[in-house]
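Data block below; observations after.
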Amino acid sequence: MPFALVDCNNFYVSCERVFNPGLEGKPTVVLSNNDGCIIARSNEAKALGIKMGEPFFRCRQIIEKHHVKVYSSNFSLYGDMSSRVMETLGLFSPDMEIYSIDEAFLLLDEGIDNPVAWGKLVKSTVRKWTGIPVSIGIGPTKTLAKVAAHLAKTRPEGVVYTGDSPYTMLKDVDVADVWGIGSRYAHKLRSMGIHTALELINLPDDWVKRHMTSAGLRTVMELKGIECIQLEQVAGTRKSAMCSRSFGREVRALHELQEAVAAYASRAAEKVRAQGSAASCIQVFLARSPLKHGRYRVAITSMDLPEATSYTPEIIRAAKHMAGRLYRPGGVYKKAGVILSGLVARGEVQKNLVYPSGETQDRQRLMETMDELNARWGRGTIAFAAGGIERPWKMRQAMRSPRFTTSWDNIPVARVG
DNA sequence: TCTGGGGTCCTAGGACCC
DNA sequence: TCTGGGGTCCTAGGACCC
């Protein structure tokens with residue numbers, strides 16, 4: 001049974017366009033958190049040579065010259081639009097895997113004898129119901145469906161089916177565009193004269209295994225049409241949860257760092273609770289600005305908890321303590337983060353007889369109540385003071401669009417006549 | 001001056017054990 | 001002069017994805 005990959009075109013830009021149709025046909029980009037670099041581009045922006053991941057300041061000239069529209073990222077809007085797209089897709093197949101915020105794999109039903117026609121129907125329905133344009137690739141394995149979807153972006157109909165002989169299409173596919181081949185492997189392959197997906201599948205298996213590990217071999221098999229990667233319908237439980245942010249300005253004072261770390265710890269704990277887990281290990285890192293052209297200088301420390309917990313105050317206390325240990329007076333800090341790992345199901349926490357965490361029912365109820373309030377009225381409705389009130393360190397988001405779909409205050413108004 | 005955030009998996013090598 | 005072999009677990013680093 002073939003796989004379909006449905007991929008939203010320039011997803012974040014498309015979300016902005018739904019609520020601002022004037023952007024249609026205009027070069028538009030969306031920036032990462034802290035307005036640091038480009039994370040989404042409209043086709044017009046791509047045509048101007050603006051690269052994915054490029055720092056904003058470095059393409060500022062092109063942006064100003066061509067009047068490119070610029071937006072800060074608005075993840076509550078994108079997340080909500082994503083749910084709408086996924087809900088629509090769910091009507092077309094009972095077997096679906098939500099792969100990322102803007103992609104889903106679907107299994108085609110046995111009865112579908114014209115995959116391209118099916119794909120076109122999916123595409124037009126999603127467009128009509130959500131306003132989001134998608135491309136669809138269909139093939140015998142997930143990797144081939146990905147290849148087809150990549151090709152579909154350049155076709156006007158937006159749907160590509162590999163058919164029975166996927167090999168013919170592989171000669172036109174750059175090896176770097178294959179799912180599973182990142183920049184490192186692409187570079188290595190190119191240096192050996194391997195440029196296309198077709199050349200890749202002609203390499204000996206043992207060479208691939210030795211130089212690209214078993215994961216690389218799986219990619220090659222999948223390109224040959226042998227299914228190695230199954231559909232994962234139930235979202236697995238996460239094994240770690242992280243929250244990290246760059247600061248909107250340089251941070252020098254320990255109390256500000258601790259405030260930020262407390263806020264991040266609180267968010268990470270929410271994520272852990274949301275999947276019914278508790279954390280048995282906390283990691284905290286502080287990053288100082290790079291020296292000249294280097295990378296961030298990162299100090300990191302980790303601590304095992306005597307008993308796994310998801311109780312925010314306890315996690316905040318540990319994280320602040322750890323930040324204090326990492327802090328060097330005189331340091332100029334740009335970024336910090338908290339990682340919770342060793343996640344276990346909350347009902348299966350190994351009790352510690354010597355150092356009990358004191359995780360009582362009252363505390364669990366308190367956390368549940370906070371989570372409910374924040375789910376209902378919006379994140380941050382109720383929070384711990386340790387995370388700061390003014391938050392002078394918080395990230396820049398100078399050009400964010402309103403939260404059109406997730407905040408009553410921002411709901412769009414249409415005027416008639 | 002200005003470079004995101006959040007995940008996963010695999011492997012090699014060291015420590016340790018018998 | 002002689003100096004095994006095999007297993008497990010952990011960690012750091014490297015690769016990948018969006």
Side-chain angles (χ1 to χ4, degrees), chain A residues 5 7-8 10-12 29-40 51-61 63 70 72-75 78-79 82 97-105 142-143 146 149-150 175-189 208-219 222 228-229 232 235-250 264 267-268 270-272 274-275 281 283 285 287 289-298 300 302 304 332 334-343 394-398:
Chain A
L5 177 72
D7 191 346
C8 300
N10 316 327
F11 183 55
Y12 301 159
V29 298
V30 174
L31 302 179
S32 63
N33 273 329
N34 221 26
D35 295 344
C37 48
I38 311 285
I39 56 168
K51 299 273 183 302
M52 182 70 173
E54 198 173 4
F56 180 37
F57 72 89
R58 218 181 276 161
C59 42
R60 200 150 205 158
Q61 282 206 327
I63 284 173
V70 180
S72 301
S73 44
N74 184 349
F75 285 107
Y78 310 150
S82 173
E97 171 187 342
I98 297 174
Y99 177 67
S100 72
I101 192 165
D102 68 338
E103 284 173 63
F105 287 102
K142 279 183 164 182
T143 306
K146 280 281 242 179
H150 177 75
V175 80
D177 293 331
V178 172
W179 187 44
I181 306 296
S183 61
R184 299 303 181 100
Y185 286 161
H187 182 77
K188 185 189 231 169
L189 289 165
V208 174
K209 174 109 195 271
R210 191 146 27 92
H211 291 93
M212 300 166 66
T213 81
S214 55
L217 186 56
R218 206 163 51 211
T219 296
E222 283 245 321
C228 304
I229 307 173
E232 286 170 34
T237 46
R238 235 193 291 281
K239 296 178 177 174
S240 66
M242 163 156 87
C243 178
S244 82
R245 296 278 183 282
S246 306
F247 302 131
R249 62 153 167 78
E250 292 175 339
Y264 304 163
R267 177 69 194 121
E270 273 175 30
K271 291 187 193 179
V272 166
Q275 64 163 28
C281 177
Q283 285 172 285
F285 67 85
S289 54
L291 293 162
K292 286 276 159 88
H293 307 289
R295 301 208 288 191
Y296 280 121
R297 291 173 292 163
V298 182
I300 184 161
S302 74
D304 288 316
V332 178
K334 307 283 282 184
K335 180 179 179 176
V338 175
I339 302 164
L340 300 178
S341 57
L343 303 190
K394 76 168 186 283
M395 63 186 181
R396 287 185 296 260
Q397 275 195 318

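The shown structure was predicted, so the numbers you read here are calculated from the model rather than taken from an experiment. Excluded from the calculations below are hydrogen atoms, water molecules and symmetry mates; all remaining heavy atoms, backbone and side chain alike, are included. Every chain is numbered from 1 and lettered A, B, ... according to where its sequence line falls, protein lines coming before strand lines.
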Query raised in the report: How many Å lie between CZ on Phe285(A) and C1' on dG7(B), as a whole number?
Result: 13 Å
Query raised in the report: Rounding to the closest angstrom, what is the interatomic distance between dT3(C) and dC17(B) at atom P?
Result: 25 Å
Requested in this report: Have a look at Glu103(A) and say if it touches a base, only the backbone sugar-phosphate, or nothing, with a 4.0 Å heavy-atom cut-off.
Outcome: sugar-phosphate
Query raised in the report: Which part of the nucleic acid does Asn34(A) contact within heavy-atom distance under 4.0 Å: base, sugar-phosphate only, or nothing?
Result: nothing
**Report entry** Presence of Ser240(A) side-chain N/O under 4.0 Å of dT8(B) phosphate oxygens OP1/OP2
**Finding:** yes
Report task. With DNA chain B as reference, determine whether Thr237(A) or Arg60(A) sits nearer its 5' end, using the nearest nucleotide of each. Result -> Arg60(A)
Query raised in the report: When you check the phosphate oxygens OP1 and OP2 of dG7(B), does a side-chain N or O of Arg238(A) lie under 4.0 Å from one of them?
Result: yes
Requested in this report: Name all residues meeting the salt bridge (charged side-chain N to carboxylate O under 4.0 Å, His left out) criterion together with Glu54(A); count only those two or more places apart in sequence or in a different chain, and write none if there are none.
Outcome: none
**Report entry** Protein-nucleotide distance (Lys271(A), atom NZ; dT8(B), atom P), rounded to Å
**Finding:** 11 Å
Requested in this report: Would you kindly give the CG-to-P distance between Leu340(A) and dG7(B), to the nearest whole Å?
Outcome: 10 Å
Report task. Can you sort out the partners of Asp7(A) under side chain to side chain donor-acceptor pair (under 3.5 Å), two or more places apart, ordered by chain and number? Result -> Lys153(A)
**Report entry** Lys394(A) NZ to dG4(B) C1', straight-line distance once rounded to whole Å
**Finding:** 18 Å
Query raised in the report: Considering only heavy atoms from C-beta outward, does the side chain of Asn34(A) approach that of Lys335(A) to under 4.5 Å?
Result: no
Scan the side chains in residues 242-250 of chain A for donor-acceptor partners under 3.5 Å anywhere in the protein, sequence neighbours excluded, and list what turns up.
residue: Arg249(A); atom: NH1; partner: Glu256(A); partner atom: OE1; Å: 3.2
residue: Arg249(A); atom: NH2; partner: Glu256(A); partner atom: OE1; Å: 3.3
residue: Arg249(A); atom: NH2; partner: Glu256(A); partner atom: OE2; Å: 3.3
residue: Glu250(A); atom: OE1; partner: Arg252(A); partner atom: NH1; Å: 3.2

Requested in this report: For Ser100(A), enumerate each residue passing the side chain to side chain donor-acceptor pair (under 3.5 Å) test, keeping only those at least two apart in sequence or located in another chain.
Outcome: Asp102(A)
Report summary line: By salt bridge (charged side-chain N to carboxylate O under 4.0 Å, His left out), Arg267(A) pairs with (sequence neighbours left out) Glu270(A)
Report summary line: Contact string for nucleotides 9-15 of chain B, one letter per nucleotide 5' to 3', B = base within protein heavy-atom range under 4.0 Å, S = sugar-phosphate only, - = neither, reads SSS----
Query raised in the report: Roughly how many Å is it from CG in Leu31(A) to P in dT3(B), rounded to a whole number?
Result: 12 Å
Query raised in the report: With a non-hydrogen cut-off below 4.0 angstrom, is Lys188(A) in contact with a base, only sugar-phosphate, or nothing?
Result: nothing
Report summary line: For Tyr99(A), the ring pair (Phe, Tyr, Trp, His ring centres under 6.0 Å) test, sequence neighbours excluded, returns Phe105(A), Trp179(A)
Query - Close side-chain approach of Met212(A) and Ile181(A), heavy atoms under 4.5 Å - result: yes
Query raised in the report: Which is true for Asp35(A) with a 4.0 Å heavy-atom rule: it touches a base, it touches only sugar-phosphate, or it touches nothing?
Result: nothing
Requested in this report: Report the distance from atom CZ of Phe57(A) to atom C1' of dG4(B), rounded to the nearest whole Å.
Outcome: 14 Å
Report task. Return the residues of residues 178-187 of chain A meeting this criterion: a heavy atom under 4.0 Å from some atom of DNA chain C. Order them by number, or give none. Result -> Val178(A), Trp179(A), Gly180(A), Ile181(A), Gly182(A), Ser183(A), Arg184(A), Tyr185(A)
**Report entry** Listed nucleotide nearest any side-chain atom of Ser100(A), set dC18(C), dG5(B), dG4(B)
**Finding:** dC18(C)
**Report entry** side-chain N/O Lys146(A) vs dC17(C) OP1/OP2, d < 4.0 Å
**Finding:** no
Requested in this report: State which residues pass ring pair (Phe, Tyr, Trp, His ring centres under 6.0 Å) with Tyr12(A); sequence neighbours excluded, sorted by chain then number.
Outcome: Phe75(A), Tyr78(A)
Query raised in the report: With rounding to whole Å, what would you report as the distance between dC18(C) and dC2(B) at their C1' atoms?
Result: 25 Å
Query raised in the report: Between Glu250(A) and Ala241(A), who's closer to the 5' end of DNA chain B by nearest nucleotide?
Result: Glu250(A)
**Report entry** Tyr12(A) OH - dG6(B) C1' separation (whole Å)
**Finding:** 10 Å
Query raised in the report: Got a second to check how far Ile38(A)'s CD1 is from Arg58(A)'s CZ, nearest 0.5 Å?
Result: 11.5 Å
Query - Residue list, side chain to side chain donor-acceptor pair (under 3.5 Å) with Asp35(A), at least two apart or on another chain - result: Ser72(A)
Query raised in the report: Is there side-chain contact between Ser214(A) and Lys209(A), with at least one heavy-atom pair below 4.5 Å?
Result: yes
Query raised in the report: In chain order, what residues pass the side chain to side chain donor-acceptor pair (under 3.5 Å) check against Ser82(A), with sequence neighbours excluded?
Result: none
Report summary line: To the nearest angstrom, the CZ-C1' distance between Arg58(A) and dG4(B) comes to 15 Å
Query raised in the report: Dot-bracket, DNA chain B: Watson-Crick or G-U, under 3.5 angstrom, [ ] crossing, | other strand?
Result: ....||||||||||||||
Requested in this report: Look at the side-chain N and O atoms of Lys335(A) and state whether any lies under 4.0 Å from the OP1 or OP2 oxygen of dT3(B).
Outcome: no
Query raised in the report: Just checking Arg245(A): base, sugar-phosphate only, or nothing, at a heavy-atom cut-off of under 4.0 Å?
Result: sugar-phosphate
